[in-house]
Engineer: 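Below you will find the structure I want to go over with you.
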Number of protein chains: 2
Amino acid sequence: MKIDPNSSSDLSAQIAKSIRDAIISGDLIVEDRLPSEQEMAEQFDVSRPTIREALKRLAAQSLIRTQRGAFGGAFVRRLSYEDARKQHITTSTLLLSMNDISFDTACQARYAMERSCVGLVVENRNETHLEAMKHELNVQQQPDLSDEGFCASDIGFHRALVDGAGNPVLSYQMAGAIEAMQPLMNMITFTDRSRAEIVTIHTALLAAAAERDAEQLESQLTRLENYTLKLGRSVFERRREKRAEKNDNNARTMFSSILRPDESAP
Amino acid sequence: MKIDPNSSSDLSAQIAKSIRDAIISGDLIVEDRLPSEQEMAEQFDVSRPTIREALKRLAAQSLIRTQRGAFGGAFVRRLSYEDARKQHITTSTLLLSMNDISFDTACQARYAMERSCVGLVVENRNETHLEAMKHELNVQQQPDLSDEGFCASDIGFHRALVDGAGNPVLSYQMAGAIEAMQPLMNMITFTDRSRAEIVTIHTALLAAAAERDAEQLESQLTRLENYTLKLGRSVFERRREKRAEKNDNNARTMFSSILRPDESAP
DNA sequence: GCCTTTTTAAATGCCAGACCTTTAAATGCC
DNA sequence: GGCATTTAAAGGTCTGGCATTTAAAAAGGC
């Protein structure tokens with residue numbers, strides 16, 4: 001294996017890439033053991049810390065797992081649906097929060113995608129999915145539920161709905177669109193009135209899923225999209241303004257509150 | 001900041017998580033500079049290599065970028081659409097390749113999602129999108145095009161199509177569904193006959209997009225789904241069989257090497 | 001001869017300290 | 001004032017080492 005020490009990028013990045021490529025291409029398959037750090041250091045002609053940095057990069061992508069002890073080492077890891085979900089959600093969340101994406105755009109993409117599940121849901125939904133939706137619907141009607149709790153249950157409801165399509169790949173893809181909006185939704189204050197409206201729509205969605213009524217499912221999702229849009233727009237406007245302010249006084253050290261709790265007195 | 005040295009997970013993983021959380025929560029925003037590695041080592045009470053491993057984890061997720069020299073350091077990075085796309089495609093590709101997901105399931109999810117763009121495409125597609133589709137269509141008709149080249153152009157065609165929806169978030173989400181199938185599609189041998197059929201469908205898709213004909217767009221996508229399914233099934237069956245064989249061989253190899261290392265030569 | 005305990009070797013996890021390279025600000029010269 | 005030089009800060013890498021974990025091998029007891 002050849003690594004170019006004069007390349008512009010880090011050695012550890014190059015090494016990580018070369019191992020990643022081997023995994024993607026199938027040269028390394030699930031549960032294969034990589035050579036020990038010492039051996040790889042010799043093969044790539046770099047030091048052990050450099051190899052370790054490369055391995056940490058791969059670990060961050062859930063591509064490998066390491067095991068200590070004799071006959072331990074780094075092993076190619078099977079990327080589970082749950083791992084993939086989490087990564088997808090994290091990436092999507094950050095994409096939304098860092099790029100001045102309008103609430104409208106995110107919302108439009110989300111509901112377009114969610115509607116794409118309708119056909120499969122009416123075909124494949126079973127009692128388990130309906131029960132899960134019903135359960136979340138009950139949670140959403142608790143009067144003392146916090147906004148965050150309401151929002152989390154909302155996510156749970158829609159997750160149950162798309163799971164009803166019976167296609168795990170589709171569920172995984174949907175997670176990025178639906179759950180990544182949670183931080184945005186959490187900025188919304190759900191009044192009693194808006195909660196009631198959402199619960200009404202959710203009730204209609206549940207009924208439509210139970211009756212395998214695709215048209216109704218689709219139109220209620222569109223109704224929910226429009227209502228969400230309405231709720232979100234005012235919040236989003238405020239958010240834009242705040243961000244503009246923030247950019248003015250960005251001299252403040254964000255990290256001090258997190259990493260240097262002792263430096264309060266100058 | 002407190003890091004538990006007795007926790008089950010690595011110190012570098014804990015540190016990476018604590019910084020990642022600060023980014024996700026908004027305590028650290030784009031272009032904020034993290035303290036130097038030396039300073040963080042002191043604050044977290046760990047050594048510099050450990051901090052570096054944590055930073056490499058974050059770099060692997062495109063959350064930070066580092067810059068050498070005076071006043072350099074690690075900076076919170078704006079996750080671009082392209083970075084997010086790449087990560088999403090990598091994750092999706094690995095999910096598909098590592099989990100014995102049937103071609104049918106992947107295909108079903110992909111086309112369900114792609115159909116969800118139809119409404120927005122007929123509304124928002126412009127000449128640029130149509131031109132891009134036309135260009136790929138020409139490429140696909142080159143007689144000396146390799147299967148990989150055909151496949152890549154196919155991806156390009158569909159990318160142009162979903163870009164026609166005019167929603168970058170949707171385009172990003174679609175990439176995971178469409179491009180992640182490229183390795184699977186690359187296993188297919190595209191005969192002249194099958195290329196002709198696909199080109200016919202693509203031509204119909206282009207025409208439908210040009211004419212803003214949603215129904216036609218949707219039905220041609222379904223036609224393409226069915227045809228792709230047909231092409232893929234034979235390949236997929238062979239693939240399953242090969243994997244089954246491999247598993248047998250692996251089992252036998254491990255069995256003999258671990259339990260009966262001396263019985264290799266009869 | 002079989003089971004339990006102890007030892008041991010191979011890994012990763014972590015650290016200290018050093019040197020090199022890059023970079024931009026500070027300095028000094030003209 | 002403008003340009004070249006110096007300098008200090010920061011990341012990139014290496015050497016070498018110690019600690020910890022773990023499973024296999026060896027030793028011991030019944």
Side-chain angles (χ1 to χ4, degrees), chain A residues 2-19 31-60 63-77 253 255 259-260, chain B residues 1-19 31-60 63-77 254-262:
Chain A
K2 299 274 172 62
I3 293 299
D4 176 12
N6 299 322
S7 165
S8 58
S9 60
D10 298 2
L11 292 180
S12 70
Q14 293 176 57
I15 293 167
K17 179 171 181 351
S18 112
I19 297 173
E31 294 305 308
D32 272 357
R33 179 179 173 281
L34 275 60
S36 73
E37 297 177 352
Q38 194 57 55
E39 283 174 304
M40 282 194 275
E42 285 159 20
Q43 281 173 29
F44 285 108
D45 197 26
V46 298
S47 69
R48 215 185 123 206
T50 302
I51 292 290
R52 282 182 61 78
E53 287 175 8
L55 293 180
K56 297 308 174 191
R57 296 177 111 108
L58 299 174
L63 294 188
I64 59 166
R65 115 191 106 74
T66 57
Q67 202 174 310
R68 293 175 69 171
F71 292 76
F75 296 84
V76 178
R77 190 179 156 176
T253 56
F255 229 58
L259 296 185
R260 293 183 296 215
Chain B
M1 197 64 197
K2 296 279 170 57
I3 294 299
D4 177 11
N6 299 321
S7 166
S8 57
S9 58
D10 298 2
L11 292 180
S12 70
Q14 292 177 57
I15 292 166
K17 178 172 179 358
S18 109
I19 298 174
E31 295 304 308
D32 272 357
R33 180 180 171 281
L34 275 59
S36 73
E37 296 177 350
Q38 194 56 55
E39 282 175 306
M40 282 195 275
E42 286 160 19
Q43 286 159 20
F44 283 110
D45 198 27
V46 298
S47 70
R48 209 183 132 209
T50 302
I51 292 289
R52 283 182 60 78
E53 288 175 7
L55 294 180
K56 297 308 176 194
R57 288 177 187 267
L58 300 174
L63 293 187
I64 60 167
R65 109 191 111 75
T66 57
Q67 202 173 310
R68 294 175 70 169
F71 293 77
F75 296 83
V76 178
R77 188 178 159 175
M254 290 189 63
F255 196 73
S256 57
S257 65
I258 292 174
L259 297 180
R260 295 181 296 205
D262 298 331

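A, B, ... follow the sequence lines: proteins, then strands. Residue 1 opens every chain. Everything numeric in this text was worked out from a predicted model, so none of it was measured.
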Engineer: Has B/Arg33 got a side-chain atom pairing as donor or acceptor with B/Gly72's backbone, closer than 3.5 angstrom?
Structural biologist: yes
Engineer: Once you round to the nearest 0.5 Å, how far does NZ of A/Lys56 lie from CD1 of A/Ile64?
Structural biologist: 7.5 Å
Engineer: How long is the straight-line distance from CZ of B/Arg57 back to CG of A/Leu55, given to the nearest 0.5 Å?
Structural biologist: 10.0 Å
Engineer: How many whole angstroms separate atom CD1 of B/Ile51 from atom P of C/dG13?
Structural biologist: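 Taking CD1 of B/Ile51 and P of C/dG13, I get 16 Å after rounding.
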Engineer: Name the stems with DNA chain C in them: runs of three or more consecutive Watson-Crick or G-U pairs, distances under 3.5 Å?
Structural biologist: C:1-30 with D:1-30
Engineer: Just the rounded figure in Å: distance from C1' of C/dC20 to CG of A/Asp10.
Structural biologist: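 Value for this atom pair: 15 Å.
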Engineer: Can you identify which nucleotide, out of C/dA16, D/dC14, D/dT13, has its nearest atom closest to the A/Leu11 side chain?
Structural biologist: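 The answer is D/dT13, which lies nearest to the side chain.
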Engineer: What's the spacing between A/Gln14 CD and A/Thr50 OG1 if we round to 0.5 Å?
Structural biologist: 11.0 Å
Engineer: With distance as the sole criterion, do the side chain of A/Arg48 and the base of D/dG16 form a donor-acceptor contact below 3.5 Å?
Structural biologist: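 Not at all, since no donor on one side and acceptor on the other fall under 3.5 Å apart.
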Engineer: Would you check, one step at a time, whether the test side chain to side chain contact (heavy atoms under 4.5 Å, CB included) holds for B/Glu53 with B/Asp10?
Structural biologist: CA-CA 10 Å; B/Glu53 288 175 7; B/Asp10 298 2; 5.9 Å; no
Engineer: Just how far, in rounded Å, is P of C/dA16 from CD of B/Gln38?
Structural biologist: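 Rounded to the whole Å, the gap is 10 Å.
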Engineer: When rounded to the nearest 0.5 angstrom, what is the spacing between CE in A/Met40 and CD1 in A/Ile19?
Structural biologist: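 Nearest 0.5 Å value for the CE-CD1 distance: 5.0 Å.
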Engineer: Please report, rounded to the nearest Å, how far the P atom of D/dA19 is from the CD atom of A/Glu37.
Structural biologist: 18 Å
Engineer: As a test of reading the structure: which of C/dA11, D/dT13, C/dG13 is closest to the side chain of A/Ser36, going by heavy atoms?
Structural biologist: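 The answer is C/dA11.
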Engineer: Please determine whether a side-chain nitrogen or oxygen atom of A/Arg52 lies at a distance below 4.0 Å from atom OP1 or OP2 of C/dG13.
Structural biologist: yes
Engineer: With rounding to the nearest 0.5 Å, note down the distance linking CG in A/Leu34 to CD1 in A/Ile51.
Structural biologist: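 If I round to the nearest 0.5 Å, the distance is 9.5 Å.
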Engineer: Could you give the distance from CD (B/Glu42) to OG (B/Ser47), rounded to the nearest 0.5 Å?
Structural biologist: 12.0 Å
Engineer: In whole Å, what is the span from the CG atom of B/Leu55 to the C1' atom of D/dA10?
Structural biologist: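 Taking atom C1' of D/dA10 as the reference, CG of B/Leu55 is at 12 Å.
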Engineer: Does any residue of residues 63-74 of chain A have a heavy atom under 4.0 Å from DNA chain C, and if so, which ones, in number order?
Structural biologist: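 Contacts with DNA chain C under 4.0 Å: A/Thr66, A/Gln67, A/Arg68, A/Gly69, A/Ala70, A/Gly73.
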Engineer: Answer yes or no: are there more than 12 heavy-atom neighbours, outside B/Asp45 itself, under 6.0 Å from its atom CG?
Structural biologist: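 No.
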Engineer: What's the closest nucleotide to the side chain of B/Lys56 if the choices are D/dG17, D/dG12, D/dT13?
Structural biologist: D/dG12
